[in-house]
Q: 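Input: one structure, supplied below.
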Amino acid sequence: MKQKNYIILLLAAFIVFSSCKKELNLQPTDTFSEVNAYLTINDIQLGVYGAYTRYGTVSNLAAVPVTFANGSFGNDIYVSSLLSDEAKLGVNNAGQGALTYRYQFGSDATSGGDVIAAFGNYYRLINQVNKILPKIPTVTASAAEEPKRNIFKGELLGLRAIAHFALLQAYCKRYSASDPLGVPIMLVSDPLTKPARNSMGDVMNRIETDLADAKLLLPAVTPVTFTDTTLNRINIAAYQARIALYKGDYDAAITFATEVITSNVKQLVTGAGFAGIWTDQNTNESLFRIKLTTITTLGSLWTTTGGAIYIAPSDKLVAAYAANDIRKAIYIGTAGANNYVNKFYTSSRGGRIVDMKAARIAEMYLIRAEANAKKATPNITAGAADLNALRAQRINPYTDEVFATATDLFNAVMLERYKELAFEGFRFFDLKRNSLPVQRLATDANAEWQTMDVSSFRFVLPIPASEILVNPNMIQNAGY
């Protein structure tokens, strides 16, 4: 895969580094290698931290050979906004994301840097996991440290599952177990491998197995012991709920979402308690987040620290919020006549430095509501209860809505996901998995890119051209 090119570059860098260091008379034991990289349980812990970092930061694939930057979920957030109807090009846009927004991207790094970046990023994350997993049983650990072996293994399996799912969601068609064009399943670190694409069903089986195994290895948590910065049984269940909804297994989605909600590790909040989530004054509602202590790369995708607006909220999104919806002012800022994304705007650590929220309790209510609307025998009452519970925390005053049909409930849930989860990496994939078109307002886009029909090949992102070039077993997606 393309990642082998990065590994070759890294090895070359280490060779140069080692040759220079010979002048300092360092002993061979000072040389970094796969053999001595992981000797203790603390070394494993550092490797696990590195895997979390690969999940959370943001990069453009074109920059990787130079900087070895890494990032996965941040790219999903950016691309989902650019390809959907929740964003538009900002007043200060000078080409940032424009080709993606206008559906003019290809599989090359020049035009498709935004959409192909996550492919390499996620496989670098998977490779990091696969390098560490075999080392866990062999490293030294004190008696007190022994329980960490299972914990670290569980976290790594969870991250590998999340990465494979993200690849499946972006680089494949709507889920069909029999579709042969899934993504390659990678279970070992091998820079020379040239993997073919596995079926979507096989990839899903691996995802579900890794998540189930991770859950067994990780300790139980309570509202007191729960942390949202590492994977645990509860936020693993949140991903299981998300993935079951994507798969169309609505009963499982309800079961997993209920597991998270009834755990009481996080509850829905309103007012200042909700506003503080987005300035990192609190961790309310957060099930899993990536701490960005000094990094502005997520926030500055939308606006610079100087206030320039690159990517703005769409007029369609702004109009979707009622005047008494607290999300409007919290999610969307106003500078004169222009709107900007306020979700990642500022924290006490500085402008554009805001933690990346990968999973929140609000999503669980929306998953359960949608699943109840779409399962074989819809439960409109239960679905409406979840939807109304969320709305009551966001809209003041609010009166519960009653739905006559499951279709009415589903449409309401989709609108609520649009408003609640804006700029969190969901909208484009929500439209895709439900066979719904992208429909932008005339004030948000020129006529030629106002609509992406459900039949458009661009709902499936391209495999990087560089991957196709070096891997004869890889099949490109149609249209590219």
Side-chain angles (χ1 to χ4, degrees), residues 1-15 32-35 37-38 44 47-48 50-51 53-55 59 61-62 64-65 68-72 75 107-109 112 115-138 153 156-172 179-211 213-214 460-477 480:
M1 301 190 64
K2 176 64 178 174
Q3 71 182 41
K4 71 174 180 285
N5 293 340
Y6 306 142
I7 293 172
I8 291 169
L9 286 169
L10 281 169
L11 289 174
F14 284 130
I15 291 170
F32 174 88
S33 72
E34 287 295 324
V35 175
Y38 299 105
I44 296 293
V48 173
T53 299
R54 290 183 183 276
Y55 179 62
S59 73
L61 186 65
V64 169
F68 305 109
N70 46 49
S72 306
N75 289 116
S107 62
D108 60 288
V115 297
I116 64 175
F119 189 88
N121 292 340
Y122 277 117
Y123 275 115
R124 279 189 294 277
L125 165 56
I126 291 169
N127 187 61
Q128 172 87 350
V129 169
N130 291 337
K131 284 195 296 185
I132 302 171
L133 280 174
K135 308 294 185 182
I136 293 177
T138 63
K153 182 177 179 180
L156 290 170
L157 289 175
L159 287 170
R160 187 170 71 182
I162 291 168
H164 276 120
F165 168 65
L167 290 161
L168 196 70
Q169 179 178 242
Y171 297 98
C172 305
D179 190 330
L181 294 182
V183 294
I185 299 170
M186 299 298 292
L187 302 180
V188 296
S189 176
D190 180 359
L192 300 180
T193 189
K194 294 180 172 62
R197 299 176 71 163
N198 294 95
S199 73
M200 293 187 76
D202 285 344
V203 180
M204 180 57 70
N205 288 339
R206 171 46 54 185
I207 291 167
E208 292 177 328
T209 297
D210 276 353
L211 289 176
D213 289 347
V460 184
L461 302 186
I463 305 297
S466 55
E467 173 69 22
I468 302 296
L469 181 65
V470 301
N471 182 0
N473 298 316
M474 182 62 66
I475 299 174
Q476 181 59 278
N477 289 322
Y480 301 101

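The first residue of the sequence shown is numbered 1, and numbering continues consecutively from there.
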Q: Please enumerate all residues that pass salt bridge (charged side-chain N to carboxylate O under 4.0 Å, His left out) together with Arg197, with sequence neighbours excluded.
A: none
Q: If I compare all heavy atoms of Leu168 with all of Gly182, which pair ends up nearest, and what's the gap?
A: CD1-CA, 4.2 Å
Q: Between Ser72 and Arg54, what is the shortest heavy-atom contact and its length?
A: OG-O, 2.9 Å
Q: Can you tell me how far the NE2 atom of His164 sits from the CG atom of Leu211, to the nearest 0.5 Å?
A: 11.5 Å
Q: Rounded to the nearest 0.5 Å, what separation is found between the CD1 atom of Ile463 and the SG atom of Cys172?
A: 7.0 Å
Q: Using the side-chain contact (heavy atoms from CB on, under 4.5 Å) criterion, which residues pair with Ile162? Sequence neighbours excluded.
A: Tyr55, Leu231, Tyr239
Q: Check whether the side chains of Arg124 and Asn127 place a donor and an acceptor atom closer than 3.5 Å, and report yes or no.
A: no
Q: Please identify each residue that fulfils side-chain hydrogen bond (donor to acceptor under 3.5 Å, both in side chains) with Asn198, with sequence neighbours left out.
A: none
Q: Quick one: CG on Leu125 to CD on Gln128, what's the gap to the nearest 0.5 Å?
A: 8.0 Å
Q: Donor-acceptor check, side chain of Asn473 to backbone of Lys194, threshold 3.5 angstrom: yes or no?
A: yes
Q: side-chain hydrogen bond (donor to acceptor under 3.5 Å, both in side chains) with Ser199: which residues, sequence neighbours excluded?
A: Asp202
Q: Can you list everything that forms a side-chain hydrogen bond (donor to acceptor under 3.5 Å, both in side chains) with Asn205? Sequence neighbours excluded, please.
A: none
Q: Would you say the side-chain atoms of Asn130 pair up with the backbone N or O of Met186, donor to acceptor, closer than 3.5 Å?
A: yes
Q: Can you name the nearest heavy-atom pair linking Pro462 to Tyr171, along with the distance?
A: O-CE2, 3.2 Å
Q: If you compare all heavy atoms of Pro464 against all heavy atoms of Ile116, which two are closest, and at what distance to 0.1 Å?
A: CG-CB, 3.7 Å
Q: Closest approach of Leu159 and Ala51, non-hydrogen atoms and distance?
A: CD1-CB, 3.8 Å
Q: Look up atom CE in Met474 and atom CZ in Phe119, then write down how far apart they are to the nearest 0.5 Å.
A: 4.5 Å
Q: Between Asn477 and Leu461, which heavy-atom pair has the shortest distance, and what is it?
A: ND2-O, 2.7 Å
